[in-house]
Amino acid sequence: MRILFYIFIITLPTLLFSQAKPLEDESQGSFSDRLKGPKEKDSAKVATLDMYRFISLERDTTYIDTSLTIQREYSHNYLRRDTFGLLAFPNEGQTYNTLQYSLTNFSPYPDMGLKGKHFSFMEAGDIRYASVATPVTELFFKSIIGKGQLVDSYFTLNIHPRLNFSIAYKGIRSEGKYINHFANSGHFRFTTSYSTKNGRYVANTHFVSQDILNEENGGITTINDFESADVNFNNRQSLEVYLTDAESFLKGKRYFLDHSFRVNPKKGSNNLYVNHQFNYENKFFEYKQPTVASTVTSTSGASTTVYRFGDSYVTSSLKDHTHYNKMYNKAGLTYENTTLGRFQFYLDDFRSNFYYYKILVKEDGTIVPASFTRKINTAGGQYDYQKNKWTGKFLYSRSITNQSLSNLDAKMKLDWNDDFQFDFQYQNINKLPSDNYNLYQSSFIDYNWTNSFKNEKINRLAANAITPWLNASLTLLTLDDHLYFENVATSTTQQIMAPNQYEKTISYLSLKVSKEIKFGKFGFDNTILYQKVDQQDAVLNVPELVTRNTLYYTNFFFDKALFLQTGVSLNYFTKYYGNDYNGVIGEFFVQNQKQIGNYPNLDFFVNAKIQRTRIFIKAEHFNSSLSGNNYYSAPNTPFRDMAIRFGLVWNFFN
């Protein structure tokens with residue numbers, strides 16, 4: 001704490017006085033006002049806010065924002081987004097338990113699986129393409145748990161008004177507080193956007209290379225040691241864990257291109273486009289465990305040898321490799337009418353290979369093949385409508401090959417005015433299972449399987465409303481043939497994973513409301529989530545209530561050169577049978593032995609904004625020593641202890 005205080009004191013005057021103000025009255029106006037310039041005659045030479053655009057694959061556009069709001073506080077983390085509904089593991093850079101099931105996105109296409117390793121993995125839809133008037137740089141830093149750092153650097157420029165490049169890298173090294181809990185990852189991104197002068201040809205492309213390394217300790221062996229609050233275990237390295245040298249590693253590369261060409265030379269009231277999208281991705285997953293046997297010490301001091309994941313084919317130096325590659329091509333024609341909207345018809349080709357380098361024959365004669373290959377072709381149509389205050393998108397696709405696959409997705413949005421917006425969605429998906437449900441090979445004997453599961457059927461109805469009184473979102477889900485992992489071990493010290501399919505119907509409801517109340521220089525931001533699951537067996541487990549409440553104070557200081565934000569956040573969720581995590585397969589699994597939750601998590605933060613620099617200081621979970629040691633991220637994995645962390649976000653542009 002003393003070191004961070006000194007850093008803040010040293011940095012404050014430097015930031016206040018070393019940055020020359022480009023405009024005399026810069027501290028008096030908003031950033032958008034400053035961009036427009038001080039004089040009318042100079043306005044043509046000064047970039048305006050709408051010249052700094054960031055566009056998603058779905059053509060959603062956002063603009064650069066250097067403000068300091070309570071939402072910026074929520075998104076200053078490893079994922080760089082609001083993590084409400086997710087429960088972090090003890091070390092930064094690890095996985096997250098899911099508290100809010102309605103956060104799940106559904107696609108009819110199969111994927112590799114290993115969902116517990118993919119929370120920080122950047123998918124094609126997560127990449128943003130830029131168009132900026134002047135070069136833009138953003139530097140992100142945050143201290144971590146133990147030794148290491150978290151950084152994210154981004155740079156973009158338009159070398160021509162219609163040609164943009166961006167390059168970015170996010171990396172983390174975090175030692176953690178527990179034995180064998182080190183995290184290390186890197187995410188490199190490079191994007192290019194191009195359009196011809198008349199807008200006839202438009203292309204967005206990117207290359208992404210990512211690697212995610214986590215040491216896996218399998219959780220602490222003796223829960224009583226943690227919950228007893230014995231001072232001998234205040235040093236978390238004193239707590240015994242199941243695995244002392246295991247680690248998992250996910251690596252992936254992606255080459256992506258999305259482009260379109262207008263057939264008619266000049267854009268008019270009727271236009272015809274040719275569209276094409278290409279996505280090639282390969283992934284590699286490795287699980288290593290040099291020491292197969294684990295030692296568990298009882299309270300009496302007796303030691304027992306435990307094989308955490310059951311028997312194995314090797315006695316030491318265990319190493320599993322899983323490979324995956326995917327190639328996706330989508331080609332179509334789009335007819336655009338300025339009155340009727342856009343009509344798109346397309347065909348796509350999906351090919352994937354989930355594979356190993358051997359065929360395994362089990363003792364009972366079951367043959368586990370070396371690969372699981374898919375070749376899927378679908379035909380679909382999409383209609384986009386935008387008129388006055390209404391925006392709509394209606395999509396339907398269905399496989400034309402042997403696989404049963406379909407997707408119906410209808411969205412409508414009413415943008416009534418600045419205060420009232422409403423959107424509605426209905427989605428019906430016939431989804432192919434993730435590949436790791438149907439095939440897996442491992443050096444652990446019971447982690448080898450081959451299956452032929454049925455498709456998952458998902459009905460989703462969602463509505464969102466933004467009003468001056470509150471924001472609300474309602475989600476209704478019906479799940480049939482739901483796939484999940486479960487622990488079939490008879491011993492409480494073992495995890496033996498098995499994929500399973502629930503043949504009964506699961507009904508899920510979630511209602512989330514949020515409201516920010518401001519009174520003077522104080523703000524009170526509240527988000528409350530209610531969830532209800534109707535099922536005959538405990539397969540889909542979520543807490544009934546999740547809440548986040550933040551009371552904060554804001555004010556200007558030093559002649560409005562410094563904007564200060566400080567407050568306290570309360571995070572809470574009710575008790576439930578939270579899913580546990582298994583590092584061998586990189587997945588969470590259902591359990592019904594231990595409930596987690598029903599503890600308050602309090603964070604105290606002090607944030608500041610000086611010109612285009614935002615500084616973040618937070619005492620995370622500062623009540624950890626006051627509320628008792630009953631806080632968990634998973635049944636054998638405690639949540640984070642108190643930690644004081646420092647960070648900043650710094651933007652540079654002219």
Side-chain angles (χ1 to χ4, degrees), residues 52-65 71-72 74-86 88 92-96 98 100 102-132 136 138 140 142 150-156 164-172 185-193 203-212 250-259 277-283 285 324-328 330 350 352 393 409 411 425 434 586 649:
Y52 296 85
R53 298 181 299 158
F54 300 90
I55 305 165
S56 71
L57 182 61
E58 298 296 325
R59 303 297 189 266
D60 294 327
T61 302
T62 57
Y63 300 95
I64 197 164
D65 185 4
Q71 295 302 321
R72 297 297 178 188
Y74 297 151
S75 61
H76 191 74
N77 53 53
Y78 174 50
L79 298 184
R80 302 295 308 273
R81 59 184 174 88
D82 190 350
T83 56
F84 180 85
L86 297 178
E92 195 80 270
Q94 291 184 301
T95 188
Y96 293 78
T98 301
Q100 181 182 347
S102 53
L103 291 176
T104 307
N105 292 319
F106 301 107
S107 169
Y109 298 99
D111 52 33
M112 180 186 190
L114 287 77
K115 295 181 177 62
K117 293 288 294 183
H118 278 77
F119 280 94
S120 62
F121 196 89
M122 296 181 179
E123 306 292 349
D126 299 325
I127 304 300
R128 297 293 184 266
Y129 305 92
S131 176
V132 293
V136 174
E138 180 176 275
F140 172 97
K142 189 171 186 178
L150 166 61
V151 296
D152 190 0
S153 56
Y154 174 84
F155 174 75
T156 182
N164 174 272
F165 293 98
S166 77
I167 186 169
Y169 181 81
K170 181 171 75 171
I172 185 173
S185 69
H187 306 263
F188 173 81
R189 299 97 72 194
F190 180 80
T191 72
T192 303
S193 298
N204 290 313
T205 182
H206 72 252
F207 168 75
V208 174
S209 178
Q210 306 177 76
D211 55 86
I212 303 169
L250 175 66
K251 184 177 182 179
K253 293 182 179 181
R254 179 171 59 250
Y255 304 86
F256 182 88
L257 171 65
D258 182 76
H259 55 153
Q277 187 179 110
F278 170 79
N279 186 346
Y280 176 77
E281 193 166 28
N282 64 72
K283 296 180 182 179
F285 177 69
Y324 174 82
N325 56 50
K326 175 188 76 175
M327 185 172 69
Y328 176 77
K330 175 183 176 182
F350 179 96
S352 67
K393 184 179 82 169
D409 192 356
K411 298 178 181 178
Q425 179 186 17
S434 298
V649 179

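As a basis for the values below, the full set of heavy atoms in this structure was taken, side chains included, without hydrogen atoms, waters or symmetry mates.
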R80/E138 ion pair, N-O < 4.0 Å
yes
Does a side chain donor of either S352 or Y109 reach within less than 3.5 Å of an acceptor in the other side chain?
no
Taking the side chain as everything from C-beta on, heavy atoms only, tell me whether V208 gets closer than 4.5 Å to E123.
no
Can you see whether F188 has K253 sitting over its ring - NZ or CZ less than 6.0 Å from the centre and within 45° of the normal?
no
Is a side-chain N or O of Q210 found less than 3.5 angstrom from the main chain of M122, in a donor-acceptor match?
yes
Is the shortest side-chain heavy-atom distance between Y328 and F350 below 4.5 Å?
yes
Main chain of Y129, side chain of T191: is a donor-acceptor contact present, judged purely on distance under 3.5 Å?
no
Taking the side chain as every heavy atom from C-beta outward, state whether F165 and F190 have any atom pair closer than 4.5 Å.
yes
Nearest-0.5 Å distance that lies between atom NZ in K142 and atom CD in E92:
6.0 Å
Please check if the side chain of S434 supplies one atom and the backbone of M112 the other of a donor-acceptor pair under 3.5 Å.
no
Grab the two heavy atoms, one from A124 and one from N279, that are nearest each other, plus how far apart they are.
CB-ND2, 4.1 Å
Stepwise salt bridge (charged side-chain N to carboxylate O under 4.0 Å, His left out) check, D258 with R59:
CA-CA 11 Å; D258 182 76; R59 303 297 189 266; 3.2 Å; yes
Are any non-hydrogen side-chain atoms of L250 and H118 less than 4.5 angstrom apart?
yes
Please test R53 against Y63 for side-chain contact (heavy atoms from CB on, under 4.5 Å), starting from the C-alpha separation and ending with a verdict.
CA-CA 5 Å; R53 298 181 299 158; Y63 300 95; 3.3 Å; yes
Can you tell if the side chain of L57 reaches within under 4.5 Å of the side chain of N204, non-hydrogen atoms only?
no
For L79, check side-chain contact (heavy atoms from CB on, under 4.5 Å) against everything at least two apart and list the hits.
N77, R81, T83, L86, Y96, S120
Looking only at non-hydrogen atoms, find the nearest pair between I212 and S185 and report the distance.
CA-CB, 3.9 Å
Quick check: does any side chain N or O of K283 sit under 3.5 Å from a backbone N or O of K326, one acting as donor and the other as acceptor?
no
What about H76 and F140, are their ring centers closer than 6.0 Å?
yes
Which value, rounded to the nearest 0.5 Å, describes the distance between Q277 atom CD and T205 atom OG1?
11.0 Å
Output for pair (F54 CZ, T62 OG1), nearest 0.5 Å, gives 7.0 Å
How long is the span from the CD1 atom in I127 to the CD1 atom in I55, to the nearest 0.5 Å?
14.5 Å
To the nearest 0.5 Å, what is the distance between CZ on F121 and CG on D126?
10.0 Å
Mark yes when over 12 heavy atoms from residues, nucleotides or ligands other than K251 sit less than 6.0 Å from its NZ; otherwise mark no.
no
Check A130 against Y154 and note the closest heavy-atom contact, atom names and distance.
CB-OH, 3.5 Å
Begin with the C-alpha distance, continue with both residues' side-chain angles, and end with the deciding distance and a verdict on ring pair (Phe, Tyr, Trp, His ring centres under 6.0 Å) for F207 and Y255.
CA-CA 5 Å; F207 168 75; Y255 304 86; 5.0 Å; yes
For the residue pair K170 and Y78, establish whether any side-chain heavy-atom pair is separated by less than 4.5 Å.
yes
With heavy-atom distances below 4.5 Å as the criterion, would you say the side chains of F119 and T98 are in contact?
yes
Taking atom CZ of R72 as the centre, report whether more than 12 heavy atoms of other residues, nucleotides or ligands fall under 6.0 Å from it.
yes
